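A short write-up of the structure that comes next.
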Amino acid sequence: MTRRTEKTCYGAYALNSKTKEIERVLAKITMLCSGGAGQVYGHTTNPIIATGDGIAMAHRAKALVSDMEFVQFHPTALFEPGKSPSFLISEAVRGFGAYIRNKKGERFVLKTDERGELASRDIVSKAIDKELKVTGENHVYLDCTHLEMDSFYQHFPNITDYCKKIGIDVAKDWIPIVPAAHYTCGGINVNMNSETSIMNLYAAGECSRTGLHGANRLASNSLLEALVFAHHAAEDVTAKINSISFHDNIPAWNAEGTTDPEELILITHSRKELQTIMSDYVAIVRSNIRLKRALSRLKIHYEETEELYKTTKISPQLCELRNLITIAYLIVTQSMVRSENKGAFYNVDLG
Ligand SMILES: Cc1cc2nc3c(=O)[nH]c(=O)nc-3n(C[C@H](O)[C@H](O)[C@H](O)COP(=O)(O)OP(=O)(O)OC[C@H]3O[C@@H](n4cnc5c(N)ncnc54)[C@H](O)[C@@H]3O)c2cc1C
């Protein structure tokens, strides 16, 4: 990968959660490993920290970020309104023989693919998405009632117990499910040594884009990727760390003119709106008009949030909102320039 900029990273400004002050953390080498960005959607299996902070920061610093249009959705997250992250019903449950049904009991995935429930994540997710749009329902079901329950429990004790805790007996009840954002295939472009396009800035894990996942990650490859690329980075850095000079002529953070936020509702409401925009317009199935609408609404959120950022004291909530807006912008704009449906990306207007 050729370097796009002559920029160099000298560390980061970090919020000290105890003092609430922003501190300068200077370093010869900095590595971003802040995870994925699934929280940009209403339903996600990703932890609450998956707000794309590293990707958004890198983009603002003008690092190359790509493939953000490839968001992998997991077809079978437990439908529990208001709960984030969504509880994941492992794919292995379908492998074990569970059926996906609509309210009428039909195994509708078979209409899309003869492999039915055993088709790949993107195909099953797309079939569920279509069913939900046609029926106007907000979830479908996973039916395990025909399976041998002793063996099921041995294989899936956590799933069985979790369902029981919320009043679902998997031996008798269908499990309500919905597709949920699961993996950010794109991210900060890195080379084989995990170096980004900014000098002395590395990235590893889900925030990075190594190219290894192509347009659609194969299950379990993410941990492999995180380990291998972090190892490459460690070897590369060890070899050159002594030849890198340390810079401390970096200005302290300037918080002049900012005040404590008066109302957190401005931030929490924007985050909910953002997740709705992304879930309704930029999820499993996209279209040109939905992308255009999403972009025009994102511009409003961007302007409002930048204003807040300039005038109020920095908080994790504000930073995460700002970063999620950047992530949404990257997913939308990179979706707009993609001219071919591939892997986890599907735009109905591309046929
Ligand atoms: C339910 C579920 C099941 C999965 N199953 C598998 C599997 O079987 N096999 C597989 O290979 N992959 C699986 N994945 C994907 C895999 O778990 C993730 O891709 C992987 O954990 C990402 O690792 P990471 O180190 O990049 O990020 P994370 O593990 O998310 O770690 C990111 C860290 O950065 C911190 N952080 C984030 N933002 C900031 C900030 N602004 N400042 C300071 N710290 C910050 C977070 O607190 C966190 O500690 C699964 C994912 C999910 C959600």
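Everything numeric in this text was worked out from a predicted model, so none of it was measured.
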Open item on the list: Quick check on Tyr162: does its OH atom have over 12 non-hydrogen neighbours (other residues, nucleotides or ligands) under 6.0 Å away?
Closed with: yes
Open item on the list: Tell me whether His247 at atom NE2 has more than 12 heavy atoms from other residues, nucleotides or ligands lying less than 6.0 Å away.
Closed with: yes
Task: Under the ring-ring contact (aromatic ring centres under 6.0 Å, His included) test, residues paired with His301 that sit two or more places apart - done: none
TODO: Mark yes when over 12 heavy atoms from residues, nucleotides or ligands other than Lys133 sit less than 6.0 Å from its NZ; otherwise mark no.
DONE: yes
Task: salt bridge (charged side-chain N to carboxylate O under 4.0 Å, His left out) against Arg121, all qualifying residues, sequence neighbours excluded - done: Glu91
- [ ] Would you tell me whether Asn191 and Glu195 have side-chain atoms, one donor and one acceptor, within less than 3.5 Å of each other?
- [x] yes
TODO: Go through Tyr183 and Phe70 one step at a time and tell me if the ring-ring contact (aromatic ring centres under 6.0 Å, His included) criterion holds.
DONE: CA-CA 9 Å; Tyr183 192 83; Phe70 299 123; over 10 Å; no
Open item on the list: The criterion is salt bridge (charged side-chain N to carboxylate O under 4.0 Å, His left out); which residues satisfy it with Lys165, sequence neighbours excluded?
Closed with: none
Open item on the list: Checking Ser66 against Asn189: is there a side-chain donor and acceptor pair closer than 3.5 Å?
Closed with: yes
Open item on the list: Please report the interatomic distance CD(Glu137) to CZ(Phe79), rounded to the nearest 0.5 Å.
Closed with: 9.5 Å
Open item on the list: For a quick check under 3.5 Å, do Glu106 and Tyr99 share a side-chain donor-acceptor pair by atom type?
Closed with: no
Open item on the list: Filter on side-chain hydrogen bond (donor to acceptor under 3.5 Å, both in side chains), then keep only pairs touching residues 148-158, sequence neighbours left out; what's left?
Closed with: Tyr153-Asp161
Open item on the list: Tell me every residue that passes side chain to side chain donor-acceptor pair (under 3.5 Å) with Asn347, counting only those two or more places apart in sequence or in another chain.
Closed with: Asn288
Task: Test applied, side chain to side chain contact (heavy atoms under 4.5 Å, CB included); reference residue, Tyr281; option that passes from Arg297, Arg286, Lys292 - done: Arg297
Task: Partner set under ring-ring contact (aromatic ring centres under 6.0 Å, His included) for Tyr346, not counting sequence neighbours - done: none
Open item on the list: Under 3.5 Å, is there a donor on one side chain and an acceptor on the other for Tyr10 and Asn200?
Closed with: no
- [ ] Would you tell me whether His139 and Tyr141 have side-chain atoms, one donor and one acceptor, within less than 3.5 Å of each other?
- [x] yes
- [ ] Answer yes if the side chains of Thr51 and Gln39 hold a donor-acceptor pair under 3.5 Å, and no otherwise.
- [x] no
- [ ] Look at Asp169 together with Lys172 and state whether they make a salt bridge at an N to O cut-off of under 4.0 Å.
- [x] yes
Open item on the list: Walk me through whether Glu23 and Asn16 qualify under side-chain hydrogen bond (donor to acceptor under 3.5 Å, both in side chains).
Closed with: CA-CA 7 Å; Glu23 293 173 7; Asn16 182 324; 2.7 Å; yes
Open item on the list: Checking Ser194 against His232: is there a side-chain donor and acceptor pair closer than 3.5 Å?
Closed with: no
- [ ] Please indicate whether Lys103 has more than 12 foreign heavy atoms, meaning atoms of other residues, nucleotides or ligands, lying under 6.0 Å from its NZ.
- [x] no
Task: Over 12 foreign heavy atoms within 6.0 Å of CD, Glu235 - done: yes
TODO: Verify the neighbour count for atom CZ of Phe152: are there more than 12 heavy atoms of other residues, nucleotides or ligands below 6.0 Å?
DONE: yes
TODO: Find out whether the Lys NZ or Arg CZ of Arg322 is both under 6.0 angstrom from the six-membered ring centre of Tyr309 and within 45° of the ring's axis.
DONE: yes
